[in-house]
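The next block holds one structure in the form of structure tokens; read it before the comments.
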Amino acid sequence: MSIKLDSKIPSGSVGSKWTKYRQEMKLVNPANKRKFTVIVVGTGLAGASAAATLGELGYNVKAFCFQDSPRRAHSIAAQGGINAAKNYRNDGDSVYRLFYDTIKGGDFRAREANVHRLAEVSVSIIDQCVAQGVPFAREYGGLLDNRSFGGAQVSRTFYARGQTGQQLLIGAYQALERQIHLGTVEMHPRTEMLDVVMVDGHAKGIITRDLVTGKIEAHAGNAVVLATGGYGNVFYLSTNAKGCNVTATWRAHKKGALFANPCYTQIHPTCIPVSGDHQSKLTLMSESLRNDGRVWVPKQAKDCGKTASSISDSDRDYYLERKYPSYGNLAPRDIASRAAKQVCDEGRGVGPGGRGVYLDFSASINRLGEDKIRERYGNLFDMYERITGENAYQQPMRIYPAIHYTMGGLWVDYELMSNLPGLFVIGEANFSDHGANRLGASALMQGLADGYFVLPQTIGGYFASGKGGAPSTDHDEFKKALSEIQTKTSKLLSIKGKRTVTDFHRELGKLMWDNVGMGRTQASLKQALERIPQIRNEFWENVNVLGGNDELNPALEYAGRVADFLEFAELLTYDALQREESCGGHFREEYQTEDGEALRQDDKYAYVAAWEFKGVDQFPELHKESLVYEEVHMTQRSYK
């Protein structure tokens, strides 16, 4: 298959491209929209907002999620807030500043036109959500409040205490439920997508499994939208919900969709540290806490065993404030995470195993009072105490970096369509907006921008092109896909080995964290590439999947997802090996500045790495989309 990457970026200045696109795009007559069926897979913020908006426009929508309700999507776990260039604080914010901060935060590895559109659309998201009744925090006078997040020197983050994602999802869920009631959206909960069906080179349907009955079915449509989130659980321990997986995007990749920049994984600096091998996931402590919390470790390793209160201020190293005085504790996530790892590697980490740093609120409590801190972050402090048994009002939190988000995903053009016609990808499932590092509070912004404002406009152009016909599920391609899924399912159930799925997943995750985590080297990556196929081969020879297919069987669901992780992990590692530079969350230890910062090689790697699947145990083929910056100039990032 010969692939030519066409990003379809409109001509003109970066600030005029989205307006120009909308002026020139092809439209679908309102009466004709009823003739088109759109399949939306995933109903988190991106998927729910897209399904609701498409239904409102008059399209027929089939929405699928593996949870028992769209309200249980992992989007609810987002805590800190959502960015928008409203400039309510009159502190110098603007659409351009949000655009530039996002490009710079991504270490100049994002597509410029998509990021500017995101910044433009951000101002409409807040109006949309307020109209839905999302209870954003407000100042005493009733105006919407803002706070700061990493990588910015303005306050542009709107929030609902420490549960912003949940409140935004409820708003999108209410809009979705309205369309379900009106009959424009047909909702399929407890249903997992297992394959994309291609007919004459276009995505025209999906194969699903009913997670309650085990029934495998085909669904046809005029286009397919994937809004299935990221792949952070390839590391086993992450802040993601246990159900988060790569299956939908990976199986689309195996049908020909290019996977872009899989090595761009985000490490979040403020998570509750690992406490033992018994854990199955990690817990995020919102980045918003760094507004009022100061990060420190003892200056001397000999003081690490002391209680925090017994270490005098002069014996504390507020290392983020020391190294990055302009941004202090609100340095971007990749930088703050590496700084935490560095001080712990020096033997100055705190807590069990020395893998933790302090996040201290005592100064803010003395300045503002405990009631104000409780008002801002009460649910986060309660969560921390339930997990650790420690009262963070009385002693510092202990935090350490963990896998949180993935900037890589399926390659999409300006219209959010993959290289497979008719297959659109939105939210965290695509690669487009965050480069090599996402700034805090931008995930919710992208998900809702894609779902409410971008996809509903761009998908019409595909339908208006006359290529949007929908075949019957009796088509041979649907029968072929159904047969392949049934064969794979039967194979998983027939192995009857001696190791559990969890055992394999944990082994893979530890390998990935140790070798492809915060610090990567050529040697560690080659070691991982040697070991991953061995684990995969043993999985298919020795895994034990209990139960049957025609029933509720979480073990079977999990086995399918881990099987995909065992293939995807190899691509992620291979991408990290070939990108011989450091940028954002991708830190190759061989490529760093004298003071330990990421060292890019723009002359060699200023491109999107889009990988084509060539078969399991076969090298993927690399396709490059050059990153051309017309508005900003690539520079060495500095937050000092």
Side-chain angles (χ1 to χ4, degrees), residues 71-82 134-139 145-150 157-171 237-242 244 268-276 278-296 307-309 329-330 333 336 340 350-352 355-405 440-441 443-444:
R71 281 188 59 179
R72 294 189 183 274
H74 183 57
S75 298
I76 66 166
Q79 298 169 352
I82 177 171
V134 173
F136 286 121
R138 294 179 180 267
E139 296 175 330
D145 197 10
N146 292 115
R147 58 189 177 198
S148 300
F149 257 65
T157 305
F158 296 78
Y159 65 98
R161 293 188 75 190
Q163 50 185 249
T164 312
Q166 181 178 10
Q167 299 303 326
L168 291 172
L169 185 60
I170 290 173
L237 288 179
S238 80
T239 64
N240 292 181
K242 284 295 293 177
C244 294
H268 198 295
T270 51
C271 304
I272 297 178
V274 175
S275 60
H278 63 281
Q279 284 183 276
S280 60
K281 75 176 301 295
L282 298 174
T283 303
L284 173 71
M285 287 286 102
S286 171
E287 181 171 317
S288 62
L289 293 169
R290 290 194 277 149
N291 276 275
D292 290 302
R294 300 178 71 191
V295 180
W296 65 274
T307 61
S309 59
N329 295 295
L330 287 173
R333 291 176 175 177
V350 299
R355 288 285 147 184
V357 300
Y358 286 129
L359 183 60
D360 194 337
F361 296 88
S362 58
S364 294
I365 290 174
N366 291 335
R367 185 178 75 255
L368 301 170
E370 184 177 316
D371 289 344
K372 176 59 68 174
I373 299 301
R374 193 180 295 276
E375 175 186 316
R376 291 177 178 175
Y377 315 111
N379 64 311
L380 299 174
F381 277 61
D382 292 344
M383 186 191 310
Y384 180 83
E385 185 169 9
R386 283 198 299 271
I387 293 172
T388 67
E390 298 171 4
N391 185 333
Y393 296 106
Q394 298 174 2
Q395 64 187 88
M397 287 183 178
R398 288 178 296 105
I399 57 170
Y400 192 70
I403 292 290
H404 175 62
Y405 186 88
L444 305 185

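The basis for the numbers below is simple: all heavy atoms, side chains too, and nothing from hydrogens, waters or symmetry mates.
- In terms of the ring pair (Phe, Tyr, Trp, His ring centres under 6.0 Å) criterion, Tyr159 has no residue partners (sequence neighbours excluded).
- Atom-to-atom distance recorded for His268:NE2 and Thr270:OG1 is 4.0 Å, nearest 0.5 angstrom.
- Between the side chain of His404 and the main chain of Thr239, no donor-acceptor pair closer than 3.5 Å is present.
- For the atom pair CZ of Arg294 and OG of Ser362, the computed distance is 8.0 Å after rounding to the nearest 0.5 Å.
- Scanning all heavy atoms of the two residues, the minimum distance from Leu444 to Ala78 falls at CD2-CB, 3.5 Å.
- A heavy-atom distance below 4.5 Å is not found between the side chains of Val134 and Phe158.
- The closest side-chain heavy-atom distance from Trp296 to Val357 is not below 4.5 Å.
- Closest non-hydrogen pair, Arg290 versus Pro269, comes out as NH2-CG, 3.7 Å.
- With sequence neighbours left out, Thr164 forms a side chain to side chain donor-acceptor pair (under 3.5 Å) with no residue at all.
- The SG atom of Cys244 sits 8.5 Å away from the NZ atom of Lys281 when rounded to the nearest 0.5 Å.
- Of all heavy-atom pairs between Phe149 and Gly81, the closest is CZ-N, 4.1 Å.
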Please output the side-chain donor-acceptor pairs of residues 373-381 that fall under 3.5 Å, not counting sequence neighbours, one pair per line with the distance.
residue	atom	partner	partner atom	Å
Arg374	NH2	Glu370	OE2	2.3
Arg376	NH1	Asp292	OD1	3.3
Arg376	NH1	Asp292	OD2	2.9
Tyr377	OH	Ser288	O	3.4
Tyr377	OH	Asp292	OD2	2.5
Asn379	OD1	Gly162	N	3.4
Asn379	ND2	Gly162	O	3.4

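- The distance from atom SG of Cys271 to atom CG of Leu237, rounded to the nearest 0.5 Å, is 11.0 Å.
- Without hydrogens or angle criteria, Asn291 side chain to Ser148 main chain gives a donor-acceptor distance under 3.5 Å.
- Applying the side chain to side chain donor-acceptor pair (under 3.5 Å) test to Thr388 and every residue at least two apart in sequence or in another chain returns nothing.
- Side chain of Arg147 to main chain of Gly80: a donor-acceptor pair is present (N/O by atom type, distance under 3.5 Å, no hydrogens or angles).
- Under a cut-off of 6.0 angstrom, the local environment of NZ in Lys372 is sparse, with at most 12 non-hydrogen atoms contributed by other residues, nucleotides or ligands.
- Taken to the nearest 0.5 Å, the CG atom of Leu169 stands 11.5 Å off from the CZ atom of Arg72.
- Nearest approach of Leu282 to Ile272, heavy atoms of both residues: CD2-O, 4.2 Å.
- The main-chain N or O of Asp145 is never found under 3.5 Å from a side-chain atom of Arg138 such that the two would form a donor-acceptor pair.
- Formation of a donor-acceptor pair under 3.5 Å by the Gln279 side chain with backbone atoms of Ser275 is found in this model.
- Applying the salt bridge (Lys or Arg N to Asp or Glu O under 4.0 Å) definition to pairs two or more places apart or across chains, those involving residues 381-392 are Glu390-Arg398.
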* Take Leu168 and Phe136 through the test side-chain contact (heavy atoms from CB on, under 4.5 Å) and record every step on the way to the result. => CA-CA 9 Å; Leu168 291 172; Phe136 286 121; 3.8 Å; yes

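- With sequence neighbours excluded, the residues that form a side chain to side chain donor-acceptor pair (under 3.5 Å) with Arg355 are Asp345, Tyr400.
- Between Gly150 and Glu287, the shortest heavy-atom contact is N-OE2, 2.6 Å.
- Under the 4.5 Å side-chain criterion, counting only non-hydrogen atoms from C-beta, Met285 is in contact with Tyr384.
- With contacts defined as side-chain heavy-atom distances shorter than 4.5 Å, the pair Tyr358/Val295 does not qualify.
- Among all heavy-atom pairs drawn from Ala77 and Leu284, the shortest one is O-CD2, 4.5 Å.
- Within the 4.5 Å cutoff, no side-chain heavy atoms of Pro396 are placed close to those of Leu359.
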